[in-house]
Amino acid sequence: MSVTTNQTRLWRLAHGRSLELGSQAQLMGVLNVTPDSFSDGGQYTSLDAILRQAERLVEEGASIIDVGGESTRPGSAPVTPEEERSRVVPAIKAIAERFDVLLSIDTYRAETAQAAVDAGAHIVNDVWGLQRESDLAAVAAQSGAGLVIMHTNRGGRQILPDVIGDHIGFLQRSLRIAHEAGVTNEQIVLDPGFGFGKETLAMNLSLMRRAAELKALGFPLLVGTSRKRFLGTITGREPAERDAATAATSVILRMAGAVLFRVHDVAMNRDALAVVDAMLQAEPRL
């Protein structure tokens, strides 16, 4: 069994915060404040429900809560920038006031990212990899926010036949945008974007099998397989029933070198990843 080891690295974030990556898996809990997200839409639209879920995620071991105000599921209706901000900014403010947890804003819009950071967010998580609104890079540069740059097959661009070759080409373009805006390497984490325009089971399995190759870009990896459709294809289960399958992928990807895991069920993935980390840290025996 091939295992990729991780070097410890400090991820620089907004508001003077940082997070150590590499020595143990870090969990990013999903909090969608939307009516139509694919597995939890409509569950967290009031501040009371948002705070209860935030408390649960923190208690289960999330280092980061990722707040999203627009569904990214296939076929979802876009929302206006104003509607997105009206959902996420009050949520981020309320969580920041109550919990000492790192906060991420899941958005591709520069104006939403700025408002979220002003409200207390430490990280900007862009599912379009800076290639929809490149001004988002300037927000990260000026605020010092951590920046998650995700690969996507969406947008009508030409997709290279080799999955890793396509990822490297796309992410190199994103990195140029980030660097030209003044974002430092210490702020950047990369996400291979499982499920984002990768419509077939074969595409997602190939990406998972070869994920370690993305470390050649020199940045920590965040992965988000949680409850994705390809897991439903494998298991035959509905989105809310895919947490065990998610944990299995988390184990595989941790062994491939991923350091951050964006998940809905923090507790299950925490335990699964704790086993991997214990193995990785154990003294080898002859």
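Residue numbers count from 1 along this sequence. For clarity, every value in this text was computed on a predicted model and none was experimentally measured.
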### Task
Could you walk me through whether R242 and K228 pass side-chain contact (heavy atoms from CB on, under 4.5 Å), step by step?
CA-CA 8 Å; R242 298 172 189 167; K228 291 293 174 69; 5.8 Å; no

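- Summarising the local packing, CD of E111 is surrounded by 12 or fewer heavy atoms from other residues, nucleotides or ligands at distances under 6.0 Å.
- Residue R17 qualifies as enclosed at atom CZ: its count of foreign heavy atoms under 6.0 Å is above 12.
- N185 has its side chain within reach of H179: a pair of non-hydrogen atoms, C-beta onward, lies under 4.5 Å apart.
- Counting heavy atoms from C-beta on, the side chains of E55 and F99 come closer than 4.5 Å.
- Between Q114 and S143, the side chains place no donor N or O within less than 3.5 Å of an acceptor N or O (distance only, hydrogens not considered).
- Under a hydrophobic clustering in which Ile, Leu, Val, Met, Phe, Trp and Tyr are joined whenever their side-chain heavy atoms come within less than 4.5 Å, directly or via other members, V139 and I64 fall into different clusters.
- Shown here for K198 and G193, the closest heavy-atom pair between the two residues is NZ-O, 2.8 Å.
- No single ILVMFWY cluster, assembled from side-chain heavy atoms under 4.5 Å apart, contains both M268 and L253.
- Note on ring orientation: taking the six-membered ring where Trp is involved, the planes of H167 and H151 are parallel (angle under 30°, cut-offs 30° and 60°).
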### Task
Under the side-chain contact (heavy atoms from CB on, under 4.5 Å) rule, what do L214 and L190 come out as? Steps first, then yes or no, please.
CA-CA 9 Å; L214 296 175; L190 302 180; over 6 Å; no

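- Taking 4.0 Å as the cut-off between side-chain N and carboxylate O, E70 and R87 do not count as a salt-bridged pair.
- A single hydrophobic cluster is not seen to contain both M203 and I234; linkage of ILVMFWY side chains at heavy-atom distances under 4.5 Å, directly or through other members, places them apart.
- Between the CG atom in L260 and the CG atom in L27 there is a gap of 8.5 Å [rounded to 0.5 Å].
- The closest side-chain donor-acceptor pair between S250 and N269 falls under 3.5 angstrom.
- For the residue pair P192 and L222, the shortest heavy atom distance occurs at CD-O, 3.2 Å.
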### Task
Would you check, one step at a time, whether the test side-chain contact (heavy atoms from CB on, under 4.5 Å) holds for V189 with L21?
CA-CA 10 Å; V189 163; L21 301 177; 4.0 Å; yes

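- The shortest heavy-atom contact between L13 and L102 is CD1-CD1, 3.6 Å.
- Considering only heavy atoms from C-beta on, D265 stays 4.5 Å or farther from T246 through its side chain.
- Look at E60 and R270 and you find no salt bridge, because none of the NZ, NE, NH1 or NH2 atoms lies under 4.0 Å from a carboxylate O.
- Heavy atoms only, all atoms of each residue included: G195 and N204 are closest at N-OD1, 3.0 Å.
- The minimum heavy-atom distance linking G69 with T34 is given by the pair C-CG2, 3.3 Å.
- Atom CD1 in I65 sits 8.0 Å away from atom CD in Q53 (nearest 0.5 Å).
- Here the straight-line distance linking atom OG1 of T235 with atom CZ of F230 works out to 10.0 Å at 0.5 Å rounding.
- Although no hydrogens or angles enter the test, the distance criterion places no donor-acceptor pair under 3.5 Å between the side chain of Q187 and the main chain of R12.
- Contact check on D106 versus R262 returns a salt bridge, with a Lys/Arg side-chain nitrogen under 4.0 Å from an Asp/Glu carboxylate oxygen.
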### Task
Applying side-chain contact (heavy atoms from CB on, under 4.5 Å), run through F170 and R157 and close with a yes or a no.
CA-CA 10 Å; F170 179 95; R157 67 180 181 84; 3.4 Å; yes

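- By the criterion of side-chain heavy atoms lying less than 4.5 angstrom apart, applied directly or through intervening Ile, Leu, Val, Met, Phe, Trp or Tyr residues, M150 is not grouped with F194; the two fall into different hydrophobic clusters.
- Grouping the Ile, Leu, Val, Met, Phe, Trp and Tyr side chains by contacts below 4.5 angstrom, directly or via other members, places L31 with V89.
- One distance of note links CD1 of I159 with OG1 of T152; it measures 8.0 Å at 0.5 Å rounding.
- Using a 3.5 Å distance cut-off with no hydrogens or angles, the side chains of E83 and T80 do not pair a donor with an acceptor.
- Distance CZ/F219 to CG/L175: 5.0 Å, rounded to 0.5 Å.
- Judged by distance alone, the side chain of S174 and the main-chain N or O of G129 form a donor-acceptor pair under 3.5 Å.
- Contact of the H15 side chain with the V117 side chain is registered, since non-hydrogen atoms from C-beta on lie closer than 4.5 Å.
- To the nearest 0.5 angstrom, E180 atom CD is 7.5 Å from R176 atom CZ.
- Crowding of R85 atom CZ: a count of heavy atoms from other residues, nucleotides or ligands under 6.0 Å exceeding 12.
- When all heavy atoms of S226 and H264 are compared, the pair lying nearest together is OG-ND1, 2.7 Å.
- In summary, D126 and R132 do not engage in a salt bridge, as defined by a charged side-chain N under 4.0 Å from a carboxylate O.
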